[in-house]
Amino acid sequence: MHNQTFFAKDFGPDFKWGVGMAAPQNEGAAFEDGKGLSIWDVFARKRNVIKGGARPTHAADFYHRYKDDILLAKALGFKVFRFSIAWSRVLPEGTGKVNKLGIAFYHNVIDECLANGLEPVVTVYHWDLPHALELQGGWTSREMVTWFSKYVKLLTEQYGKKVQQWIVMNEPFAFTALGYMMGMHAPGKMGTANVYPAIYNAALCTAEGGRIIREHCPHAVIGTSFSISETKPFTSSDKDIAAANRADALLNRLFIEPVLGMGFPQLDQFDFLDKLHIATTAWRFIDKLKFDFDFIGLQNYFSVTIKHNPLIPYVSASEVSAKKRGKPHTAIGWEIDPLSFYCMLKRFSSYEGVKQIIVTEGGACFKDHLHNGVVNDQERIDYFSAYLAAMLQAKKEGVPIGGYYAWTLTDNFEWAYGYTTRFGLVHTDFETQLRTVKNSGYWFRDFLNGKAV
Ligand code: BGC
């Protein structure tokens with residue numbers, strides 16, 4: 001966006017610099033110490049759903065290496081460590097019997113963070129529903145809010161005294177759309193009959209989770225995280241503009257608006273949303289979908305350029321890729337567009353009821369090469385410099401941004417991309433689990449230690 005030099009201190013003394021990860025992507029130990037199956041353990045057994053037939057069974061072995069990884073996060077200069085809890089590790093059947101070893105593991109992770117001067121930030125749900133609950137309908141079930149509430153209550157009872165900051169839900173649009181509409185993520189379900197109840201239940205659990213944490217941990221700082229992507233019309237034709245608006249309603253508005261008390265978004269001539277409203281009418285309690293979060297977590301990985309496409313069901317829209325348009329992109333084709341990040345930060349801060357924004361994820365995957373103990377990932381460094389500059393600009397213009405959590409510490413299990421896609425500041429050799437700090441990791445360390453960018 002601009003080429004001015006800046007420092008970490010320009011973001012202010014209270015700005016939280018963190019790094020994040022998620023249980024199913026990092027922990028491994030999928031069948032150890034009493035953990036139950038998650039939907040990702042089961043989904044990964046299907047053929048042709050995950051690149052290279054990869055499974056999350058060992059992932060980055062965080063379960064056994066958490067002490068080393070937390071030390072790494074500290075060494076890179078971060079002050080916040082975001083991780084998620086594997087629901088099926090603490091409640092193997094999703095509800096009922098508690099697994100003491102699972103509970104103990106997260107106490108250990110939290111204690112290790114605190115001992116190393118890192119603030120632990122807990123994500124309650126990062127996509128790994130217990131398989132036992134999926135067998136009973138999972139996110140499509142009306143029981144979901146009961147199961148989720150009990151799970152959240154357990155976490156607050158266990159960790160509430162040690163954990164200050166909570167993120168209830170990670171990117172509900174991603175896990176409902178990919179997992180319950182398009183079949184590309186666990187549990188691999190498809191169609192509106194699945195996704196409508198999943199959307200409703202995810203929205204309801206987001207708010208209910210916030211309420212439960214507030215009730216049990218009155219001093220906690222509570223947020224929830226959304227994926228956001230600017231949707232730009234490919235041409236200025238009315239049809240492309242309408243298509244971009246439909247994509248926007250789904251990608252950006254679907255979950256934040258109910259949280260803010262606005263209900264699910266409405267858009268003229270968008271059948272999918274009309275039917276969502278009708279499908280959820282019987283259960284709809286707009287008030288219950290609302291919760292006054294202390295912060296809204298935003299996660300932006302790309303912008304999308306959209307054209308009208310009548311062949312695509314429901315949205316009649318499709319993306320014109322960055323590659324096709326000759327625009328910069330990451331190794332999996334996601335458009336690098338820091339200006340759109342800036343625009344989205346401005347836009348979300350203008351919603352009434354958004355008190356603070358934390359960028360709870362930000363990062364990029366590139367084709368990293370480990371050569372003689374060095375990963376020279378200059379592209380990732382350029383990516384972070386540009387995105388942090390964009391964020392600083394938004395902050396200077398008054399957007400209340402309180403923190404940035406880089407995604408992610410180590411290369412890990414990248415969902416349907418398996419182990420082929422690397423987002424880490426630290427390289428993982430998945431055979432040996434050897435960690436090698438990438439140049440971007442050293443760059444972050446220097447930046448956080450006061451060096452100009
Ligand atoms: C998810 C992460 C994921 C990242 C990169 C985010 O949508 O929260 O789990 O690794 O994107 O794909």
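Whatever order the structure lists them in is the order used to number ligands and atoms, beginning at 1. Note that the structure is a prediction, hence the values are computed from the model and not measured.
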Would you check if the distance from the ring center of Phe11 to the ring center of Trp17 is below 6.0 Å? yes
For Arg380, does its backbone N or O pair with a side-chain atom of Asp377 as donor and acceptor, under 3.5 Å? no
Which atom pairs, nitrogen or oxygen on both sides, join ligand 1 and the protein at under 3.5 angstrom?
{"unit_1": "ligand 1", "atom_1": "7 (O)", "unit_2": "Glu171", "atom_2": "OE1", "d": "2.5"}
{"unit_1": "ligand 1", "atom_1": "7 (O)", "unit_2": "Glu171", "atom_2": "OE2", "d": "3.0"}
{"unit_1": "ligand 1", "atom_1": "8 (O)", "unit_2": "His126", "atom_2": "NE2", "d": "3.2"}
{"unit_1": "ligand 1", "atom_1": "8 (O)", "unit_2": "Asn170", "atom_2": "ND2", "d": "2.8"}
{"unit_1": "ligand 1", "atom_1": "8 (O)", "unit_2": "Glu361", "atom_2": "OE1", "d": "3.2"}
{"unit_1": "ligand 1", "atom_1": "8 (O)", "unit_2": "Glu361", "atom_2": "OE2", "d": "2.8"}
{"unit_1": "ligand 1", "atom_1": "9 (O)", "unit_2": "Gln25", "atom_2": "OE1", "d": "2.7"}
{"unit_1": "ligand 1", "atom_1": "9 (O)", "unit_2": "His126", "atom_2": "NE2", "d": "2.9"}
{"unit_1": "ligand 1", "atom_1": "9 (O)", "unit_2": "Trp415", "atom_2": "NE1", "d": "2.9"}
{"unit_1": "ligand 1", "atom_1": "10 (O)", "unit_2": "Gln25", "atom_2": "NE2", "d": "3.0"}
{"unit_1": "ligand 1", "atom_1": "10 (O)", "unit_2": "Trp407", "atom_2": "NE1", "d": "3.0"}
{"unit_1": "ligand 1", "atom_1": "10 (O)", "unit_2": "Glu414", "atom_2": "OE1", "d": "2.6"}
{"unit_1": "ligand 1", "atom_1": "12 (O)", "unit_2": "Glu414", "atom_2": "OE2", "d": "2.6"}

With a 4.0 Å cut-off on N to O distance, would you call Asp128 and Lys35 a salt bridge? no
State whether the side chain of Arg246 and the backbone N or O of Ser316 hold a donor-acceptor pair below 3.5 Å, judged by distance alone. yes
Against Arg65, only a single residue in Asp68, Asp61, Asp69 fulfils salt bridge (charged side-chain N to carboxylate O under 4.0 Å, His left out); can you say which? Asp61
Identify whether NZ of Lys or CZ of Arg in Arg89 sits under 6.0 Å from the centre of the six-membered ring of Phe105 and within 45° of that ring's axis. yes
